[in-house]
Asks: 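Structure provided below as structure tokens; questions to follow.
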Amino acid sequence: MDELELLKKHWKTTTDSDQKLSAKQLYPMLLKKSSSIVKTLFYISIAELVFWILINFLPMLSSSYLKELDQIYGNNLAIVLLSVVTFSVVIVFVYLLYKAYKNISITDNTKQLMASILKTRKIVKYYVIYNLSMIFLSVPISLYFTSQNDSELHDKIIHFTTSQTIVFYLITFVLTGICVLIFWLFYKLIYGILLKRLNKNYLELKKLEM
Amino acid sequence: MNKELEHSFIELLEEHQNIVHKVCRLYTNNYDAHNDLFQEITIQLWKAYPKFRGDSKFSTWMYRVGLNTAITLYRKSKRRVKTQEFDAVQFKIKAEDYDNTEEQQLKLLYEAVYQLDDINKALVFLYLEDKNYKEISDTLGISEVNARVKMNRVKTKLKTILNP
């Protein structure tokens with residue numbers, strides 16, 4: 001007999017009668033909470049959104065910070081513009097994330113389901129990249145504006161030689177870069193662990209179609 | 001959710017629960033993990049049930065949700081199968097139904113299936129459940145030709161394991 005036929009014959013005659021559950025045992029299962037990867041991913045993405053929203057907007061609540069901003073950038077228009085852009089970006093990401101989660105359906109075929117989950121993760125990834133890029137750019141820019149408006153700092157910088165100025169900005173860039181990189185690696189680690197198996201299986205299915 | 005819906009769902013699940021048990025048997029290797037996965041599949045089935053239109057059979061729909069949960073959503077990695085922990089008892093091979101060679105072959109075959117990756121396991125599972133290549137390709141989202149090619153590779157792999 002063909003090996004798989006032997007296996008099939010056995011497989012079909014085997015029932016899990018000893019594990020058969022009655023309706024009474026099945027009912028309570030409907031009330032239990034899911035511990036699926038989508039749920040975990042959902043909580044993590046919400047936490048990330050909240051984290052970055054707080055980072056962006058909490059300082060705005062402080063009047064001394066706003067005063068400082070006003071001093072640095074000279075006029076209110078820049079702050080208003082910055083807030084509008086930041087707020088719009090958050091709304092766009094929340095909308096995209098909501099849409100992506102709505103698209104995840106357990107009744108899709110396996111490949112489609114995996115693609116939908118990975119797409120959701122990508123949206124969060126872009127949001128994090130956006131925020132990290134903003135940090136990377138805003139630190140040297142704000143330092144520049146501060147040096148222009150803060151007379152104490154301005155006096156110090158004005159006495160720098162060209163090479164000292166270059167080194168000063170280079171150090172600022174490198175330090176900000178390191179902070180951003182640490183953030184990025186931490187983020188990659190979390191998702192790497194969480195989605196390792198899913199990524200592997202998705203690649204396996206994609207490989208089949210090549 | 002109304003009681004009527006709950007009642008009809010439980011009735012169907014009770015009738016077809018063997019499908020879920022079989023998925024659990026293939027993707028887990030102990031009693032706790034089996035129950036864990038069974039629970040998760042039940043939740044996913046229940047969550048998706050209001051959208052079940054009945055244009056496919058309940059059992060066909062269960063295969064898809066069951067496998068998707070086992071392959072994609074289930075994440076209790078600590079309890080997941082480790083190949084060296086294959087337990088023949090779980091597969092209920094009764095000595096009186098098979099001669100010595102067959103019994104030995106069955107043990108080897110199950111062990112080999114157990115060592116397959118998640119996707120290949122799903123292929124074998126659907127094949128053992130007598131699903132045709134159209135259904136297999138629909139469930140996994142690959143083409144029929146590729147399902148056939150992949151299945152043939154798995155068959156050859158299993159043959160080699162039995163006849164090294």
Side-chain angles (χ1 to χ4, degrees), chain A residues 1-4 6-40 104-117 193-198 200-210, chain B residues 6 9-11 13-14 17-18 21-22 25 34 38-40 42-44 46-48 51-52 61 64-65 67-69 71-77 91-93 97-98 102 105-106 109-110 113 117-119 122 124 127-130 138-143 146-147 149-150 155 158-159 162:
Chain A
M1 190 192 286
D2 178 61
E3 288 85 354
L4 266 176
L6 174 71
L7 189 65
K8 198 185 249 187
K9 184 187 149 204
H10 177 262
W11 179 263
K12 291 181 90 174
T13 52
T14 318
T15 54
D16 292 82
S17 52
D18 51 332
Q19 277 170 311
K20 201 171 185 317
L21 300 167
S22 65
K24 219 176 161 181
Q25 289 168 302
L26 289 171
Y27 268 112
M29 287 191 170
L30 307 186
L31 304 171
K32 293 261 172 72
K33 290 221 156 56
S34 158
S35 58
S36 81
I37 197 164
V38 174
K39 215 168 176 187
T40 314
I104 296 176
S105 167
I106 187 80
T107 49
D108 275 340
N109 66 51
T110 308
K111 196 172 158 203
Q112 181 57 46
L113 173 67
M114 288 178 182
S116 310
I117 296 173
I193 293 168
L194 189 68
L195 296 174
K196 191 178 157 205
R197 189 169 140 248
L198 200 148
K200 194 182 138 222
N201 285 337
Y202 185 63
L203 283 178
E204 180 72 28
L205 277 176
K206 272 188 92 174
K207 214 167 70 189
L208 276 177
E209 298 298 274
M210 278 191 225
Chain B
E6 205 173 89
F9 173 75
I10 291 289
E11 227 171 41
L13 179 62
E14 195 182 1
Q17 63 176 287
N18 205 29
H21 279 301
K22 281 183 169 176
R25 191 145 40 101
H34 183 116
F38 190 96
Q39 165 77 69
E40 189 60 48
T42 303
I43 293 173
Q44 295 302 332
W46 175 229
K47 268 166 65 183
K51 283 184 197 155
F52 172 66
W61 183 76
R64 185 174 279 216
V65 177
L67 276 177
N68 273 344
T69 308
I71 297 173
T72 313
L73 301 190
Y74 186 56
R75 58 172 190 90
K76 295 251 163 115
S77 54
F91 286 90
K92 306 172 176 73
I93 303 164
D97 295 338
Y98 299 92
E102 281 181 334
Q105 277 188 328
L106 274 174
L109 277 166
Y110 274 120
V113 170
D117 63 39
D118 290 341
I119 304 296
V124 173
Y127 177 85
L128 292 177
E129 290 290 307
D130 257 346
D138 281 350
T139 307
L140 296 178
I142 54 176
S143 73
N146 285 327
V149 170
K150 188 84 177 156
K155 277 185 194 173
L158 293 179
K159 269 198 175 94
L162 284 185

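Every value quoted in this text rests on a predicted model; they were computed, and no experiment measured them. Numbered from 1 within each chain, the chains take letters A, B, ... in sequence-line order.
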Asks: Which distance, rounded to the nearest 0.5 Å, do you find between the CG of A:Leu21 and the CD of B:Gln39?
Replies: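 Here the rounded value is 10.0 Å.
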Asks: Compare all side-chain heavy atoms of B:Ile119 with those of A:Leu205 and state whether any distance is below 4.5 angstrom.
Replies: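 Yes. Closest side-chain heavy atoms under 4.5 Å.
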Asks: From B:Ile10 CD1 over to A:Met29 CE, what is the distance, rounded to the nearest 0.5 angstrom?
Replies: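 Rounded to the nearest 0.5 Å, the CD1-CE separation comes to 9.0 Å.
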Asks: Could you check whether A:Lys12 pairs with B:Asp130 (Lys NZ or Arg NE/NH1/NH2 to Asp/Glu carboxylate O, under 4.0 Å)?
Replies: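 Looking at A:Lys12 and B:Asp130, the cut-off is met.
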Asks: Between CZ of B:Arg64 and OG1 of A:Thr110, what distance do you get to the nearest 0.5 Å?
Replies: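 If we round to the nearest 0.5 Å, B:Arg64:CZ and A:Thr110:OG1 are 7.5 Å apart.
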Asks: For side-chain contact (heavy atoms from CB on, under 4.5 Å), just list the numbers for B:Ile71 and A:Met114, CA-CA rounded to whole Å, side-chain angles, deciding distance to a tenth of an Å, and then say yes or no.
Replies: CA-CA 9 Å; B:Ile71 297 173; A:Met114 288 178 182; 3.5 Å; yes
Asks: Please classify the contact of B:Asp117 with chain A as side chain, backbone, both or neither, using a heavy-atom distance under 4.5 Å.
Replies: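 The side chain, not the backbone.
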Asks: Give a yes or no on whether A:Lys196 atom NZ has more than 12 heavy-atom contacts from other residues, nucleotides or ligands under 6.0 Å away.
Replies: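 Atom NZ in A:Lys196 is not packed in, count stays at 12 or less.
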Asks: Measuring from atom CD of B:Glu6 to atom CG of A:Leu31, what distance do you get when rounded to the nearest 0.5 angstrom?
Replies: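 Reported value, rounded in 0.5 Å steps: 7.0 Å.
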Asks: What distance separates B:Lys47 NZ from A:Ser34 OG, expressed to the nearest 0.5 Å?
Replies: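 Here the interatomic distance stands at 4.5 Å.
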Asks: How about A:Trp11 and B:Arg25: do any of their side-chain heavy atoms sit closer than 4.5 Å?
Replies: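 Touching, per the 4.5 Å side-chain cut-off.
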Asks: Using the test salt bridge (Lys or Arg N to Asp or Glu O under 4.0 Å), find all partners of B:Lys150 that sit at least two apart in sequence or belong to another chain.
Replies: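 Residues passing salt bridge (Lys or Arg N to Asp or Glu O under 4.0 Å) with B:Lys150: A:Glu204.
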Asks: Taking only residues two or more places apart in sequence or in another chain, which ones pass salt bridge (Lys or Arg N to Asp or Glu O under 4.0 Å) with A:Asp108?
Replies: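 Checked A:Asp108 against salt bridge (Lys or Arg N to Asp or Glu O under 4.0 Å); zero matches.
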Asks: In the structure I gave you, are the side-chain heavy atoms of B:Leu106 and A:Leu7 within less than 4.5 Å of one another anywhere?
Replies: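 Touching, per the 4.5 Å side-chain cut-off.
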Asks: Given heavy-atom pairs under 4.5 angstrom as the criterion, report whether the side chain, backbone, both or neither of B:Ile43 touches chain A.
Replies: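 Only the side chain of B:Ile43 comes within 4.5 Å of chain A.
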Asks: Measure the CG-CD distance between B:Asn68 and A:Gln112 for me, rounded to the nearest 0.5 Å.
Replies: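 B:Asn68 atom CG to A:Gln112 atom CD measures 10.5 Å (nearest 0.5 Å).
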Asks: Would you mind telling me which of B:Leu158, B:Val124, B:Leu13 has the largest number of heavy-atom pairs within less than 4.5 Å of chain A?
Replies: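 Of the options given, most contacts go to B:Leu13.
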Asks: Is B:Glu40 close to chain A through its backbone or its side chain, or both, or neither, when contacts mean heavy atoms under 4.5 Å?
Replies: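 Side chain only.
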Asks: Test B:Glu14 against A:Ser22 for side chain to side chain donor-acceptor pair (under 3.5 Å), laying out the working first.
Replies: CA-CA 7 Å; B:Glu14 195 182 1; A:Ser22 65; 5.8 Å; no
Asks: Are any of the side-chain heavy atoms of A:Leu26 and B:Phe38 separated by less than 4.5 Å?
Replies: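 Yes - at least one pair of side-chain heavy atoms lies under 4.5 Å apart.
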Asks: Determine whether B:Asp118 and A:Arg197 make a side-chain contact, defined as any pair of heavy atoms from C-beta on separated by less than 4.5 Å.
Replies: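 SC-SC contact between B:Asp118 and A:Arg197 confirmed.
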Asks: Counting only non-hydrogen atoms closer than 4.5 Å, does A:Leu198 touch chain B with its backbone (N, CA, C, O), its side chain (CB onward), both, or neither?
Replies: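 Contact with chain B is through the side chain of A:Leu198 alone.
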Asks: Of the backbone (N, CA, C, O) and the side chain (C-beta and beyond), which part of B:Val149 lies under 4.5 Å from a heavy atom of chain A, both, or neither?
Replies: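 Contact with chain A: none, neither part.
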Asks: Write down the atom of B:Ala48, the atom of A:Ile106, and the distance for their closest heavy-atom approach.
Replies: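 That closest heavy-atom pairing would be CB-CG2, 3.7 Å.
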Asks: Between B:Tyr127 and chain A, with a heavy-atom cut-off of 4.5 Å, which part of the residue counts as in contact: side chain, backbone, both or neither?
Replies: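 Both backbone and side chain.
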Asks: Pick one of side chain, backbone, both or neither for A:Lys33, based on which atoms fall under 4.5 Å of a heavy atom in chain B.
Replies: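 Backbone only.
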